[in-house]
Amino acid sequence: MSKRPRTLDSFFSPPATKRSRQAGGDTSKVANGETTPSQLSNHPTYPFAVPHLPPEITDILNFAPAQEARIINDRPDLDLLYFQPYIPKEIQRPLFDFLRREFFFYKVQYKIKRGPVETQINTPRYTTVFGLDETSIFNDAGEVIDSATGKPPSGKDAYTCKPRPIPECLDMLRRLTENTTGSKFNFALVNYYASGADSISYHSDDEKFLGPDPCIASFTLGAKRDFLLRHKKTPAAHPSESQPMKLPLASGDMVLMRGKTQSCWEHSIPKRKGGEAERGRINITFRRAMTKGGTANYYRYNVGDGGVFKWDGGRGEMVAWKGGETG
DNA sequence: GTCTACCCACGCAG
DNA sequence: CCTGCGTGGGTAGA
């Protein structure tokens, strides 16, 4: 697709050396069907073009899952598949480094009212999101069109956000996960927990736009972090079965949450002091949104307006990206 | 082995 | 739904 609008690509490509021959576009191929060593996923909504995974990674990733899943359903209303790991050992580190280096992340902020006072919440993690709900698809030109009519949604059906296609480097993992699980996914949420001070408190992914009993695949790369699950209502009759569950999610692991897990349980990644957590953990979740409201929600709460950050390999930390705003 | 100081996980209030 | 603080359990070192 060198003919496709290149949009911001030229802005962020190095000046005419390494990447000068690369084609943009998320389905691009060179003549005779071969791929270049580093193609790019590009879209007007991306601040940066996102490279495809290098063959050193994709060649190994195709052998995933590395382990068979363990079923965890011995607690009421809980149904998990636990792959330890899903992603083969030899590419865990390269994949972690790739994703942390190539993605732009957001620090979501929002306001809540506690009684009379309004307080600003700065979410203790970095996040980004790609995808589009079931009602729509991207056409070859990268435009959003209605799944049924093929026309751009207009009027009350128009999107108020700017949906971004899942870049190929994540889409490959999404397709693998679909094959492994038999479930369909149209959204990829990526979280980066830069240190043990980053966290997410107890919540459920039980929004209506995910439909009943949603199936959500959650990947870990990088530092091992505890993943806590607790039943929403603790039945006094069976306290032992309702004890919180702790999974020590390590690099490469994947947990599939399904059945009544979201409707009846909450999960969290608590803060952790010292040790491994300081090296940073990337979490990728795949899920399936059914309505336009789902797309609006995910872009509101995962792209937000709290500033744009990118990994600085020299400094070894996330730094604010000049400009601070994206489209 | 015992005591103590410190650290950290956990729960709860705001 | 985050942060701060109190508390109790675990443990390294004297």
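Fair warning: this is a prediction, and the values are worked out from it, not measured in the lab.
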Residues 245-254 of chain A, side-chain donor-acceptor partners within the protein, below 3.5 Å, at least two apart:
from	atom 1	to	atom 2	distance (Å)
A:Ser251	OG	A:Gly222	N	2.9
A:Asp253	OD2	A:Tyr82	OH	3.4
A:Asp253	OD2	A:Ala250	N	2.9

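Scored by the side chain to side chain donor-acceptor pair (under 3.5 Å) test, A:Ser136 finds A:Tyr159 as partners (sequence neighbours excluded).
To the nearest angstrom, P of B:dA9 lies 13 Å from CD of A:Glu276. Counting to the nearest Å, the C1' atom of B:dC10 and the CG atom of A:Asp226 are 12 Å from each other. Distance A:Arg230 CZ to B:dA9 P: 17 Å, rounded to the nearest Å.
A:Lys111 comes within 4.0 angstrom of nothing in the nucleic acid, heavy atoms only. As judged by a 4.0 angstrom heavy-atom cut-off over every strand, A:Tyr110 is placed among residues touching the sugar-phosphate backbone only. Using a 4.0 Å heavy-atom distance criterion, A:Ile121 is classed as a sugar-phosphate-only contact.
Under the 4.5 angstrom side-chain criterion for Ile, Leu, Val, Met, Phe, Trp and Tyr, the cluster partners of A:Ile137 are A:Ile145.
With respect to the salt-bridge test (charged N to carboxylate O, under 4.0 angstrom), the residues A:Asp226 and A:Arg272 qualify. Electrostatic pairing of A:Lys260 and A:Asp206 does not count as a salt bridge here, judged by no charged N lying under 4.0 Å from a carboxylate O. Using a 4.0 Å cut-off between charged side-chain N and carboxylate O, A:Lys184 and A:Glu178 make a salt bridge.
For DNA chain B, the residues of residues 266-275 of chain A within the heavy-atom distance limit of 4.0 Å (strictly under) are A:Arg272, A:Lys273, sorted by number.
Protein chain A contacts DNA chain C from C:dC1 to C:dT3, reading 5' to 3' and using non-hydrogen atoms of the protein with a distance under 4.0 Å.
Taking the centre and axis of the six-membered ring of A:Trp311, the NZ or CZ atom of A:Arg101 falls outside the cone set by 45° and 6.0 Å.
Across A:Pro124 and A:Ala197, no two heavy atoms sit closer than the pair CB-O, 4.2 Å.
Applying the salt bridge (charged side-chain N to carboxylate O under 4.0 Å, His left out) test between A:Arg258 and each of A:Asp213, A:Asp205, A:Asp77, A:Asp79 identifies A:Asp79 as the sole match.
Classification of the A:Phe96-A:Tyr192 ring pair by plane angle, with boundaries at 30° and 60°, yields tilted.
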Protein and nucleotides 12-14 of chain B: nitrogen or oxygen contacts under 3.5 angstrom:
none

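Annotation: A:Phe105 is not in aromatic contact with A:Phe309 [ring centroid separation under 6.0 Å not met].
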